[in-house]
Amino acid sequence: MCGIVAYIGPKDATPFLLEGLARLEYRGYDSAGVAVAGRTGGIKLRKVKGRVADLAAAVPARFKGTTGIGHTRWATHGVPSDANAHPHLDNAERIAVVHNGIIENADELRAKLTADGAVFRSETDTEVLGHLIAAHATEGVELEEAVRAALGKVVGTYGIAVLDAEQPDRIVVARNGSPIVLGIGEKEMFVASDVSALVRYTRQVVHLEDGELATVRADGFRTFTEDARTTHRQPSTVDWEIDSYDTGGYEHFLLKEIHEQPGSVERTLGGRLDERFATAHLGGLNLDARELREIRRVKILGCGSAYYAGEMGAQLIEELARIPAHSEPASEFRYRNPVIEADTLYIAVSQSGETYDTLAAVQEVKRKGGRVLGVVNTVGSAIARECDGGIYLHAGPEISVASTKAFTSTVVAFALIALHFGRIHDLSPADGRRIVSALKALPDQIREVLAQSDAIAGLAAEYAGSEGMMFIGRVRGYPVAREGAQKLKEISYVHAEAYPASELKHGPLALISPELPTVALVPDDELLDKNLTTLGEIKARSGRVLAVAHRRPETKLADHCILVPKSEPELDPLLLNIPLQLLAYHAAVALGRDVDKPRNLAKSVTVE
Ligand code: F6R
């Protein structure tokens with residue numbers, strides 16, 4: 001979704017702004033813009049509907065300034081257009097603003113500002129900020145005061161960066177629900193909504209808290225609250241590798257991230273397995289064994305793939321710890337006035353840690369006195385900070401819009417949680433050891449699946465032209481089917497349905513035809529015979545079957561098969577999912593799709 005960058009220092013800001021915006025492209029956007037203020041006075045502005053490359057082409061050589069702000073916009077209020085792109089100016093063209101988030105009382109503010117003489121040039125909620133800050137930036141008022149006063153009138157969420165032609169020695173930024181990171185350089189400062197934009201320039205960063213503002217100058221920064229109290233923030237060091245932000249020789253980030261999974265799973269497991277007691281150490285949960293024993297239910301909240309990973313997590317917790325567990329879309333949960341129970345543990349799942357629906361669900365649970373843990377990839381993100389404890393995935397930055405390595409690491413994190421809870425309850429040491437060894441074997445087993453990438457590409461080319469695809473699985477296999485269908489539809493745009501295999505004959509069997517092939521998850525477990533019967537039913541209706549299995553079914557039951565190494569039954573879903581990532585990737589490539597930035601989607605959905 002929308003991205004913010006800003007620079008102040010001795011150099012020309014424009015090259016950083018354009019490169020930083022290009023680094024944020026992965027988040028999804030439809031227009032981009034930059035504004036600079038410099039020694040010659042006034043604000044220079046360029047903004048276009050389209051890509052950052054279009055913006056770069058529209059920026060003339062004389063577009064120079066040592067202080068600047070930039071933005072990639074994902075349309076919410078008003079269509080994608082040059083006029084609606086950020087930055088937005090006030091009428092005197094003194095103040096320029098970029099904004100992520102939503103101003104809820106924009107209509108009311110717009111009416112008031114218009115009555116006072118402001119002329120609006122866009123349909124955006126953001127433009128009210130430019131006019132509002134300008135209205136407070138009267139003679140002798142510091143920019144930070146004008147911004148603070150203006151934000152006092154605003155209801156909504158924001159991450160903003162503000163430039164003032166009359167005070168070009170500073171940028172003022174603020175955060176409320178939408179991330180802002182300061183990057184500390186040598187006599188220069190950077191700002192971004194996401195560290196990936198600035199990690200090439202500095203590893204020293206400060207993540208603003210909600211309700212915090214900062215005045216950023218070339219030689220440092222000052223942070224303060226909305227009621228003007230100074231805050232003291234210590235910089236932290238970004239430990240993600242710089243090459244995580246490059247495709248590293250792969251054709252797409254998605255393929256790179258799929259292939260990174262042996263390493264990312266190792267990092268999620270890193271130092272957390274305890275062989276002696278056959279359990280997992282998860283100090284960040286902030287719950288001791290006695291508190292854990294009092295938990296009667298687990299409710300997992302996440303959106304999209306995070307929700308499906310939560311479904312796998314719920315099964316792991318139920319099977320290993322025998323605690324009833326259930327996953328629910330966070331986006332639905334928060335709108336249904338949920339009952340929050342004292343003996344239920346809530347777990348929020350998010351790769352980005354910024355998904356608005358998940359954050360709002362966490363806040364709803366906390367407001368009602370519930371306890372929430374986070375399973376989050378991005379360190380210091382809003383959801384991580386809002387939770388009472390949790391686990392970081394350490395999967396490394398995920399750039400491609402479709403989640404793969406974070407999904408897998410989330411399931412691994414749930415296996416650790418389930419093992420930890422299980423060993424506090426009734427999971428035997430022998431079963432604990434069984435799970436510990438299976439977890440340790442996962443990276444090599446994932447490598448075995450990845451080695452089949454070329455063969456899977458061949459299958460993807462064969463199936464990609466279908467009018468749609470059915471994904472089926474039973475019990476543990478059902479969330480795998482859901483995630484497989486999700487991956488295929490989001491990056492290849494091929495329609496995909498996921499059903500429990502047991503439900504097929506209650507309706508969707510009517511769809512089966514040679515034009516609608518079925519991807520069937522067929523693990524070698526206690527439900528194998530039932531799954532094979534379902535394959536027979538599909539074949540009897542001329543359906544084509546691609547089985548993802550531990551053992552090749554008879555050819556009369558499956559047209560094709562991808563073989564996956566066997567883990568313990570509880571962990572099999574994690575490995576069965578990997579070929580489905582490759583299938584979706586290769587189908588998307590075969591169809592010529594924009595694999596890393598599929599249409600209409602954004603990497604982190606920071607609005608409702
Ligand atoms: C699917 C996908 C999305 C995200 C969802 C939640 O591949 O990436 O469905 O899983 O938008 O995002 P996070 O995990 O950042 O909260």
Side-chain angles (χ1 to χ4, degrees), residues 1 26-28 74 177-179 193-194 196 252-255 257-258 261 264 268 300-313 327-334 347-363 372 374-387 390-393 395-411 413-414 471 479-480 482-493 496 498 577-578 580-585 587-588 593-608:
M1 283 202 144
Y26 77 94
R27 299 175 68 92
W74 192 84
S178 206
S193 51
D194 178 329
S196 59
H252 297 100
F253 277 111
L254 188 63
L255 188 60
E257 287 161 8
I258 290 172
Q261 291 178 109
S264 51
T268 307
I300 300 168
L301 302 166
C303 295
S305 291
Y307 155 53
Y308 299 139
E311 288 196 312
M312 291 191 193
S327 178
E328 178 175 344
S331 45
E332 291 283 293
F333 174 84
R334 75 191 182 93
I347 304 183
V349 180
S350 179
Q351 185 287 127
S352 60
E354 303 292 346
T355 300
Y356 187 78
D357 283 324
T358 310
L359 178 62
V362 171
Q363 288 165 340
V372 200
V375 173
V376 173
N377 193 33
T378 308
V379 175
S381 55
I383 294 170
R385 285 188 310 206
E386 193 77 38
C387 288
I391 297 196
Y392 279 123
L393 300 179
E398 195 176 65
I399 305 295
S400 193
V401 163
S403 184
T404 52
K405 63 176 181 173
F407 179 92
T408 301
S409 281
T410 301
V411 181
F414 273 115
F471 286 72
V480 185
R482 298 190 86 183
E483 172 59 9
Q486 157 101 337
K487 217 77 315 164
L488 185 71
K489 63 189 139 192
E490 68 183 327
I491 58 173
S492 75
Y493 319 150
N577 180 55
I578 310 283
L580 303 190
Q581 299 173 340
L582 286 167
L583 188 71
Y585 170 77
R593 307 301 191 218
D594 189 351
V595 175
D596 285 330
K597 297 191 278 291
R599 68 184 180 200
N600 307 338
L601 298 180
K603 182 61 182 163
S604 43
V605 185
T606 50
V607 294
E608 270 189 273

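Just so you know, ligand 1 is whichever comes first in the structure, and atom 1 is the first atom listed for that ligand.
- Regarding atom 5 (C) of ligand 1, its nearest protein heavy-atom neighbour is C303 O, 3.3 Å.
- The single protein non-hydrogen atom nearest to atom 8 (O) of ligand 1 is V401 O, 3.2 Å, given as residue, atom name and distance.
- For the atom pair H252 NE2 and K597 NZ, the distance stands at 9.0 Å (nearest 0.5 Å).
- The main-chain N or O of V376 is never found under 3.5 Å from a side-chain atom of S350 such that the two would form a donor-acceptor pair.
- For atom 14 (O) of ligand 1, the closest heavy atom belonging to the protein is Q351 N, 2.7 Å.
- Using a 4.0 Å heavy-atom cutoff, N377 is absent from the residues neighbouring ligand 1.
- For atom 7 (O) of ligand 1, the nearest non-hydrogen atom of the protein is E490 OE2, 2.4 Å.
- When each atom of ligand 1 is checked for a heavy atom of A306 under 4.0 Å away, the hits are 10 (O), 14 (O).
- Looking only at protein heavy atoms, the nearest one to atom 13 (P) of ligand 1 is T355 OG1, 3.2 Å.
- Panel note: side chain E398, backbone K405; a donor-acceptor pair is recorded below 3.5 Å.
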request  = Go through the steps for R334 and D357 under the test salt bridge (charged side-chain N to carboxylate O under 4.0 Å, His left out), then give the verdict.
outcome  = CA-CA 8 Å; R334 75 191 182 93; D357 283 324; 3.0 Å; yes
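- Remark: ligand 1 atoms within the under-4.0 Å shell around heavy atoms of A402 are 7 (O).
- For E354, the heavy-atom gap to ligand 1 stays at 4.0 angstrom or more.
- In this structure, T358 contributes its side chain and G353 its backbone to no donor-acceptor pair below 3.5 Å.
- The K487 neighbourhood of ligand 1 comprises atoms 1 (C), 7 (O), with distances under 4.0 Å to a heavy atom of that residue.
- Ranking the protein heavy atoms by distance from atom 11 (O) of ligand 1 puts V605 CG2, 4.3 Å first.
- Atom 15 (O) of ligand 1 has as its closest protein heavy atom S352 OG, 2.6 Å.
- A donor-acceptor pair shorter than 3.5 Å cannot be found between the side chains of T404 and Q261.
- Using a distance-only test at 3.5 Å, with no hydrogens or angles considered, a donor-acceptor pair links the side chain of R593 to the main chain of S492.
- Annotation: side chain of R599 is not in contact with side chain of D594 (no heavy-atom distance under 4.5 Å).
- An N or O contact shorter than 3.5 Å is missing between G304 and ligand 1 by distance.
- In this structure, K487 and S403 have side chains that are in contact, with non-hydrogen atoms separated by less than 4.5 Å.
- Residue S350 places at least one N or O, backbone or side chain, under 3.5 Å from an N or O of ligand 1.
- Regarding atom 10 (O) of ligand 1, its nearest protein heavy-atom neighbour is S305 N, 3.3 Å.
- Under a 4.0 Å criterion applied to the non-hydrogen atoms of Q486, ligand 1 contributes the atoms 1 (C), 9 (O).
- Residues D194 and E354 form no side-chain contact, since every pair of their non-hydrogen atoms from C-beta on lies 4.5 Å or further apart.
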